[in-house]
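Just so we're on the same page: letters track the sequence lines, and every chain starts at 1.
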Number of protein chains: 2
Amino acid sequence: MTDCSTCVVRNRAICASLDATEIRALGKMGRKQKVRQGQTLLWEGDGAPVVANVLTGVLKLVVSTADGREQIVGIVFPSDFIGRPFGKESPYTVTAMTDAEVCIFNRNNFDEFASSHPDLQQKLLRRTLDELDRARHWMMLLGRKSASEKVASFLLEMSERLSGQGCGATMPQGWFELPFGRQQIADILGLTIETTSRQLTKMRGEGVLDLPSRREIVINDRAAMETMAG
Amino acid sequence: MTDCSTCVVRNRAICASLDATEIRALGKMGRKQKVRQGQTLLWEGDGAPVVANVLTGVLKLVVSTADGREQIVGIVFPSDFIGRPFGKESPYTVTAMTDAEVCIFNRNNFDEFASSHPDLQQKLLRRTLDELDRARHWMMLLGRKSASEKVASFLLEMSERLSGQGCGATMPQGWFELPFGRQQIADILGLTIETTSRQLTKMRGEGVLDLPSRREIVINDRAAMETMAG
DNA sequence: CGAATATTTGAGGGGGGTCAAATCAAGTGG
DNA sequence: CCACTTGATTTGACCCCCCTCAAATATTCG
């Protein structure tokens, strides 16, 4: 049993469609759970009947081959939804990239609840459609863009999704902090860690961006970056 | 106004969730339209407020860059759904790969109808979730697989989705006919037409498959093909 | 049969992968 | 505070897979 009234994503997650009575019913089914950085919540092919909302932290959705190659197919932020409703098994591995908190539901219970709450289901549908659009545009990046175009596109998208999470102090325009390292950038872009690193170094050399620390990025010349993104 | 009672996909499309009264209401909003091979139904970024069901034929969803590179991000078969409900503009170009028939709706009308028919909306949600899973697994292929793995994976998936559409006569096990040419295979796999052709020729040389004609494929050794798919 | 289009085949080069080593950052214990 | 360890990132050298450009061949259609 969870108290949703104090939930940090109460108004942004799919729960926003529910009124006080409904949310209490849903809250009874859910429980809050902490996940440590690196910990895996769901395994690809696993039958674990679990869905969840993300409260805090960032998680990745990973598909991997038998021989260990990995592709990150989705990045999940607070208020986003995890898991596969109306399915049998999880189609990908879900792992925390930072320490995180999620609000977990039994999938069967959730499916049933969703079926009787059209507004929630419509919210879920809208979210899924957005994810599908994002995934398909990522397919273009993976299939047709060069390494430099990939890195530029990635930085621009991350700048969108991460801007304004600064520490309160006024950060330079274009500054943001990535919640993950080089290997994971590579796994998102379908590149190797070396190529990723080289592209970033090259962009720094050209003055398009600064790299104050490992995970910090400052985009100096957004227009140039957009041109590079193809 | 369309007569849904004789529709070829009446029981497979999302319309299957509706009863006789409802389907008549929906039918009033829709109209059947023929689309010629090569003709484009929706343009990427276009505001055309249109969604549709596919009755016959095969269409492709395409994302392209400013300089003309193309990536096919989805293939649409009969009973599948086209368009972006609850959105402003079409996120990709939709073009017919064969002559096709679609059942078109004004998006605003459809959105409204869907909002008041939870069963239809749930069918749409399930479909969208399936598409999302498919797209994400395709991301792994695009980002991490080699040319031969790509072609093998592609042929196996097409064999699944196209098997049993033979001309009535008993076709060899593993036979199917692709509804598109080499360039389009390349655009699906994120390869060039030359690499695609070479991989197919190589597989024929190894005896894994036969190529009776340009668009026909016969998988001789499915196990070997699965191994190659990675 | 000839023209237009699609596919195959060939030759060559480059972008990004692989392997290896150097450098950097963050702890940890003395 | 510093030596030392550990893991992440960068840099370098090399090479292979796939792309590019070009030409030959096959197929379709008027």
Please pick, from D/dT20, C/dT8, D/dT11, the nucleotide with the shortest atom-to-atom distance to any side-chain atom of A/Ser197. D/dT11
Within this structure, what is the [atom1]-to-[atom2] distance between [X] and [N], rounded to whole angstrom?
| X | N | atom1 | atom2 | answer |
| --- | --- | --- | --- | --- |
| A/Arg204 | D/dT9 | CZ | P | 14 Å |
| B/Arg144 | C/dG16 | CZ | P | 13 Å |
| B/Glu216 | D/dT27 | CD | C1' | 14 Å |
| B/Glu194 | D/dC19 | CD | P | 8 Å |
| B/Arg215 | C/dA6 | CZ | P | 9 Å |
| B/Gln183 | C/dT8 | CD | C1' | 14 Å |
| A/Ile193 | C/dG16 | CD1 | P | 17 Å |
| A/Lys150 | C/dG15 | NZ | P | 15 Å |

Do we see a donor-acceptor contact under 3.5 Å between the side chains of [X] and [Y]?
| X | Y | answer |
| --- | --- | --- |
| B/Gln33 | B/Arg31 | yes |
| B/Ser159 | B/Arg222 | yes |
| B/Lys202 | B/Ser148 | no |

If you assign each of B/Gly181 and A/Ser146 to its closest nucleotide in DNA chain C, which residue comes earlier from the 5' end?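 The residue closer to the strand's 5' end, by nearest nucleotide, is B/Gly181.
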For A/Arg214 and A/Lys145, take the nucleotide of DNA chain C holding the closest heavy atom to each; which residue's nucleotide lies nearer the 5' end?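 The residue whose closest nucleotide sits nearer the 5' end is A/Lys145.
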Side-chain donor/acceptor of [X] to base of [N], under 3.5 Å:
| X | N | result |
| --- | --- | --- |
| A/Arg198 | C/dG15 | no |
| B/Arg182 | C/dT5 | no |
| B/Gln199 | D/dC17 | no |

Phosphate OP1/OP2 of C/dG17: any A/Thr195 side-chain N/O under 4.0 Å: yes
Under 4.0 Å between any heavy atoms, over every strand shown, what does A/Ser213 touch: base, sugar-phosphate, or nothing? Just pick one.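 Nothing: the residue A/Ser213, judged by heavy atoms under 4.0 Å, touches no strand.
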Taking any heavy-atom pair under 4.0 Å as a contact, classify A/Leu191: base, sugar-phosphate, or nothing. sugar-phosphate
Any ion pair linking A/Arg215 and A/Glu177 (charged N to carboxylate O, less than 4.0 Å)?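 So A/Glu177 does not pair with A/Arg215 through a salt bridge.
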Cationic N near anionic O, under 4.0 Å, B/Arg84 to A/Asp130: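 Salt bridge flag = yes for A/Asp130 with B/Arg84.
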5'-most contact on DNA chain D (nearest-nucleotide basis), B/Ala147 vs A/Thr201, goes to A/Thr201
